[in-house]
Structures are given as structure tokens and as C-alpha cells.
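Have a look at this one before I ask anything.
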Amino acid sequence: MPVPWEALIPFGLLTSMFAAAGTLLNTSKRAQNQGKPVRYKIDTWDDMMMDRDKRLTGHVRGQSANPIAPEGFETSSSWYTEAQ
Amino acid sequence: MSTYQNSSTASQPYSDPTPLPANVPKVNELGVTSAPLKSAAFFLGAYCKEYNEDFMLCKQENRDPGHCLKEGRRVTRCATELITKMRENCLEQFDAHWNCLELNNQEYYPCRKPERTLNKCMFEKLGLTKAIPGSPKGQKAIHEVEKPVFTTVQR
């Protein structure tokens, strides 16, 4: 007896669209974070440290274990320009 | 850069034009970012304890940035020394631990294995141990517990 396989096409389409959207979103988030998982529960301390990382390496997720800071680091802090 | 630069359209990063006074000795700033710093945190606490405490007590007296410059320079020098020593002696374990931290939202609990190797290397080569101040006295500190309750996978 012929099985109505055409009726399962919409289910297959829905599943694959969910999978594709999820994968694309995940890939996009990881690409924005240099291949690492997204950081969550970021408090003010982490915000400050990530801003410091950006001044040191150029990207908020960039890391470096170099003990000496690069050239312009000492004068690149905009902390004093912020409103009190 | 004495004129106003709108940060959203500026082509260069902000650079403070005011020069450092001539009577302030120059010390190179620490170039370590957040993850390696978090990895080395307890060793910094053990190695640079006196300088850190000096600085904090000085800041408690007066929060003006110009008041504690000398103590701040000492802290920076001590931290740079320790990071250099760590890199000379335990570079692999140090790198492994902070890379693990970066992949786990910079939290300690998923990275106990690399942490144990780092602690072992630091103890053998430099004699520094990690001690968590304020951990309950009768029990083991959380980084020494063999089977912790909270791990990456729910038990």
C-alpha cells in the first residue's frame, strides 16, 4: 500500500529550518567572540576588565599574557573624561 | 588630542594629551589581560601581599589618585615580576589554565584539572600555594575538594 510520504515533507522542512537558524545564530555569536562562547552575567567589574582588554589587544575578547603593556596603553584610558 | 573627538566617529583611539610630571618615576604598566590575571590572582595575593595591603590601606586614607602613586608603582612592579617568573617556570600550565577559563565565562569551577597542574607546578618551582581567604575552617577549600557538588554537568 503506498505510504503518504509527501505529508512528512513539511515536518522535515520545519525541523531543518529550526536547525539552520539555530546553527547560524550560534556561529554568528561565536564569530563575534573570536570562536569562544559568549560571556554571560557580566557585571560592572567584568565590563571594566573587558574595556581594559580592548585597550590592550584591540578586541573585548582578546587575551594576552605579556607582562609589559603595549605602547599607547598608559594614555588610552578615557576614565577621566567620563562625567563624575 | 585637546579638541573634542566624538568616540563613535573617531579614527584613532583616545589618547590623553596631558604629559606625566617629570618627578613621577616611570614604571611599565602590566600588559596582562583579564583571563591570565584571573588565573594568576591567588598567586599574586600570596607573592605581593605586603605591597597590595600597603596600597589598599593608603587608598583607605585618601582616594585622591595622586596620593597613592608610590604604593601603586610598587604593586605594579611586584605583579610584573611575578608574571615574568610564572611565564619562565610554568608557561604551559599557565596558558592551559587561562585558555580554559576563557572558554568557560572566566569561572573557576569547570577548570579544576588545569588548575591542579598549575598549582602543583607553582608550588614546586616557586613555592607559592593558592589559599582562598575566608574559606570555612573545618572543611577543605573548594579547589581541593575531590568530588564537588557543582560541576559543569548536573549530578
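Letters A, B, ... mirror the listed sequences (proteins, then strands); counts begin at 1.
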Exercise. Take atom CZ in B/Phe123; do more than 12 heavy atoms of anything else shown fall under 6.0 Å from it?
Worked result: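 Not buried by this count: 12 neighbours or fewer within 6.0 Å.
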Exercise. How about A/Glu6: does its CD atom have over 12 heavy atoms from other parts shown lying under 6.0 Å from it?
Worked result: yes
Problem set entry | Residues of residues 56-69 of chain B contacting chain A, heavy-atom criterion under 4.5 Å, by residue number | B/Pro65
Problem set entry | Same cluster (ILVMFWY, side-chain, under 4.5 Å), B/Val75 and B/Leu82 | no
Problem set entry | Structural part of A/Thr57 lying under 4.5 Å from a heavy atom of chain B | side chain
Problem set entry | Structural part of B/Lys26 lying under 4.5 Å from a heavy atom of chain A | side chain
Problem set entry | In one Ile/Leu/Val/Met/Phe/Trp/Tyr side-chain cluster, 4.5 Å: B/Tyr108, B/Ile132 | yes
Exercise. Hey, quick one: are B/Leu118 and B/Phe42 part of the same hydrophobic cluster, counting side-chain heavy atoms closer than 4.5 Å, chains of contacts allowed?
Worked result: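 Different clusters: B/Leu118 never reaches B/Phe42 through Ile, Leu, Val, Met, Phe, Trp or Tyr contacts under 4.5 Å.
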Exercise. Once you round to the nearest 0.5 Å, how far does CG of B/Leu30 lie from CZ of A/Phe73?
Worked result: 8.0 Å
Exercise. Which heavy atom of B/Pro36 sits nearest a heavy atom of A/Gln63, and at what distance?
Worked result: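 Closest approach of B/Pro36 to A/Gln63, heavy atoms only: CD-OE1, 3.4 Å.
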Exercise. From A/Leu56 CG over to B/Ser34 OG, what is the distance, rounded to the nearest 0.5 angstrom?
Worked result: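 Between atom CG of A/Leu56 and atom OG of B/Ser34 there are 9.0 Å.
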Exercise. Under the 3.5 angstrom rule, does the side chain of B/Glu29 hit a backbone N or O of A/Glu74 as a donor-acceptor pair?
Worked result: no
Exercise. So, do B/Val32 and A/Asn66 sit near enough that their side-chain heavy atoms are less than 4.5 Å apart?
Worked result: no
Exercise. Do side-chain atoms of B/Thr33 reach the backbone of A/Ser64 as a donor and acceptor pair under 3.5 angstrom?
Worked result: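 Checked: pair present.
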Problem set entry | Side chains of A/Ser78 and B/Tyr14 in contact at under 4.5 Å (non-hydrogen atoms) | yes
Could you give the side-chain donor-acceptor pairs of residues 37-47 of chain A under 3.5 Å, partners two or more places apart or in another chain?
residue : atom : partner : partner atom : Å
A/Asp43 : OD1  : A/Asp46 : N            : 3.0

Exercise. Of all heavy-atom pairs between A/Pro67 and B/Arg87, which one has the smallest distance, and what is that distance?
Worked result: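 Heavy atoms only, the tightest pair is CD-CD, 3.8 Å.
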Exercise. B/Val27 and B/Tyr51: same hydrophobic cluster, using ILVMFWY side-chain contacts below 4.5 Å?
Worked result: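 B/Val27 does not cluster with B/Tyr51.
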Seminar exercise, completed: So NZ of A/Lys36 and CG of B/Leu101: to nearest 0.5 Å the spacing works out to 11.0 Å
Exercise. Between B/Gln106, B/Glu81, B/Met86, which shows the greatest number of heavy-atom pairs under 4.5 Å with chain A?
Worked result: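 Option with the top pair count is B/Gln106.
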For this session: Verify the cluster assignment for B/Phe55 and B/Tyr47: are they in a single hydrophobic cluster under the rule of side-chain heavy atoms below 4.5 Å apart?
Result: no
Exercise. In terms of heavy-atom proximity below 4.5 Å to chain A, should B/Leu37 be classed as side chain, backbone, both, or neither?
Worked result: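 Just its side chain gets close to chain A.
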Seminar exercise, completed: Counting heavy-atom pairs under 4.5 angstrom with chain B, the leader among A/Met49, A/Arg55, A/Arg52 is A/Arg52
Exercise. Should we count CD of B/Glu92 as having more than 12 external heavy atoms under 6.0 Å?
Worked result: no
